[in-house]
Amino acid sequence: TLVLGVEARAAEPAVKRGVVKGTLIFAGKPTADVVVSLEGVPAEIAKVDLAEAKPKRAVMDQREMKLVPYVLPVLVGTTVDFPNNDKTWHNIYSKSAAKKFDLGLYPPGKSRSVTFDKPGVVRVLCNVHPSMEAFVVVKEHPYFTAPDQSGNYRLNNVPLGKYRLRVWHPQLGTTEAGVELVREGEVVDINFDLQKK
């Protein structure tokens with residue numbers, strides 16, 4: 001009977017899934033400076049998907065007196081490397097509630113790291129160069145992405161159901177749209193034209 005029990009459990013239907021994709025435009029041009037996330041996935045499904053989506057390392061580069069990318073979405077627990085690829089020293093820090101840190105002054109060719117262990121938006125700055133600014137957006141579920149340079153985003157493996165699709169932009173805040181996937185393999189297109197409020 002034990003063997004039967006194992007077989008019966010293995011035969012349980014997998015969660016049916018689809019795709020949500022689209023394009024983001026801001027001020028008439030495609031934008032990559034946003035985070036697109038799916039909110040409202042049932043906790044029991046999100047828990048399983050989260051267990052499979054291990055936090056990875058990510059990189060926020062210092063290059064040409066900029067932090068690149070300007071907006072970096074990561075999963076809770078992700079370690080972000082901050083390599084200095086400029087010809088000058090930098091001191092990267094944040095005073096954000098979700099993660100306070102100060103990497104100290106370090107020279108070209110060196111890198112320092114931070115692990116982001118709480119969800120939220122972390123504003124990253126350089127206290128030597130006030131014009132340098134970027135954002136690490138820390139999510140506690142795996143249903144998020146940043147668009148490519150053409151403003152295209154794609155969320156694969158979305159469990160069927162009704163959700164809120166949330167777009168976060170550093171200057172515009174949050175924009176939301178409802179989304180529903182009803183058939184396995186369904187692809188839903190949702191485009192956003194972001195406007196200054």
Side-chain angles (χ1 to χ4, degrees), residues 17-41 46 49-50 52-86 92 94 98 111 113-114 116 119-126 131-160 163-181 185-197:
R17 297 177 185 268
V19 172
V20 179
K21 69 182 189 70
T23 305
L24 286 130
I25 289 173
F26 171 51
K29 294 192 186 81
T31 182
D33 295 336
V34 297
V35 177
V36 183
S37 62
L38 196 75
E39 305 296 337
V41 175
D49 287 347
L50 191 58
E52 289 173 12
K54 297 279 180 281
K56 299 179 179 69
R57 283 190 95 91
V59 176
M60 183 171 273
D61 203 354
Q62 298 158 70
R63 188 180 291 276
E64 294 169 13
M65 308 297 283
K66 287 193 179 88
L67 286 156
V68 182
Y70 179 55
V71 174
L72 176 67
V74 300
L75 196 58
V76 164
T78 298
T79 298
V80 178
D81 297 320
F82 292 91
N84 182 352
N85 287 305
D86 265 329
I92 302 304
S94 179
S111 184
S113 306
V114 178
F116 292 85
V121 175
V122 181
R123 183 174 178 232
V124 180
L125 299 158
C126 173
S131 65
M132 291 175 70
E133 176 190 55
F135 297 87
V136 178
V137 180
V138 189
K139 290 292 198 181
E140 52 191 343
H141 61 69
Y143 315 107
F144 64 84
T145 189
D148 62 20
Q149 292 306 311
S150 304
N152 299 313
Y153 75 89
R154 185 180 179 96
L155 290 163
N156 295 318
N157 298 321
V158 174
L160 302 189
Y163 309 107
R164 292 181 322 284
L165 191 64
R166 184 176 292 166
V167 176
W168 179 86
H169 184 283
Q171 281 77 48
L172 306 178
T174 302
T175 306
E176 288 192 355
V179 59
E180 184 174 15
L181 287 95
E186 184 175 6
V187 178
V188 178
D189 264 292
I190 299 185
N191 302 319
F192 289 88
D193 188 350
L194 303 174
Q195 307 287 345
K196 280 201 163 62
K197 296 197 176 33

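Residues: numbered from 1 along the sequence shown.
- With sequence neighbours excluded, the residues satisfying salt bridge (Lys or Arg N to Asp or Glu O under 4.0 Å) with R123 are E133.
- Judged by distance alone, the side chains of R154 and N156 do bring a donor and an acceptor atom under 3.5 Å apart.
- Taking each heavy atom of L181 and G18 in turn, the nearest pair found is CD2-CA, 3.4 Å.
- Shortest non-hydrogen contact noted between A177 and I190 is CB-CG2, 4.3 Å.
- In this structure, V41 and H141 have side chains that are not in contact, with every pair of non-hydrogen atoms separated by 4.5 Å or more.
- Counting all heavy atoms, side chain and backbone alike, T23 lies closest to N191 at N-OD1, 2.8 Å.
- The aromatic rings of F192 and Y153 sit tilted relative to each other, their planes meeting at an angle between 30° and 60°.
- Side-chain atoms of D33 do not come within 3.5 Å of backbone N or O of V71 as any donor-acceptor pair.
- Looking at heavy atoms from C-beta onward, P147 lies out of side-chain contact with N152 at the 4.5 angstrom threshold.
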task: Could you walk me through whether V74 and V138 pass the side-chain contact (heavy atoms from CB on, under 4.5 Å) test, one step at a time?
output: CA-CA 5 Å; V74 300; V138 189; 4.1 Å; yes
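- In this structure, the separation between NZ on K66 and CG on D61 is 12.0 Å, given to the nearest 0.5 Å.
- In this structure, E180 places its CD atom where more than 12 heavy-atom neighbours from other residues, nucleotides or ligands lie under 6.0 Å away.
- Here Y163 contributes atom OH and L155 contributes atom CG; the two are 11.5 Å apart, rounded to the nearest 0.5 Å.
- Between R63 and D86 there is no salt bridge, since no side-chain N of the basic residue sits under 4.0 Å from a carboxylate O of the acidic one.
- At least one side-chain heavy atom of R57 sits under 4.5 Å from a side-chain heavy atom of S113.
- In this structure, the side chains of Y143 and D49 come closer than 4.5 Å at one or more pairs of heavy atoms.
- Contact of the F135 side chain with the W168 side chain is registered, since non-hydrogen atoms from C-beta on lie closer than 4.5 Å.
- Test V124, L125, L67 against M132 for side-chain contact (heavy atoms from CB on, under 4.5 Å) and you get one pass: L67.
- With Q149 contributing its side chain and A32 its backbone, the two residues share no donor-acceptor pair below 3.5 Å.
- Contact of the D189 side chain with the K21 side chain is registered, since non-hydrogen atoms from C-beta on lie closer than 4.5 Å.
- Shortest non-hydrogen contact noted between A53 and P142 is CB-CB, 3.7 Å.
- Here the side chains of E39 and K139 are in contact, with some heavy-atom distance below 4.5 Å.
- Between L72 and V59, the shortest heavy-atom contact is CD2-O, 4.0 Å.
- Relative orientation of the H169 and F26 rings is tilted, given thresholds of 30° and 60° on the angle between their planes.
- Side-chain atoms of L75 and L50, non-hydrogen and from C-beta on, do get closer than 4.5 Å to each other.
- The shortest non-hydrogen separation linking P69 to A134 is O-CB, 3.9 Å.
- A donor-acceptor contact shorter than 3.5 Å links the side chain of D148 to the backbone of S150.
- Not a single donor-acceptor pair under 3.5 Å links the side chain of E176 to the backbone N or O of L165.
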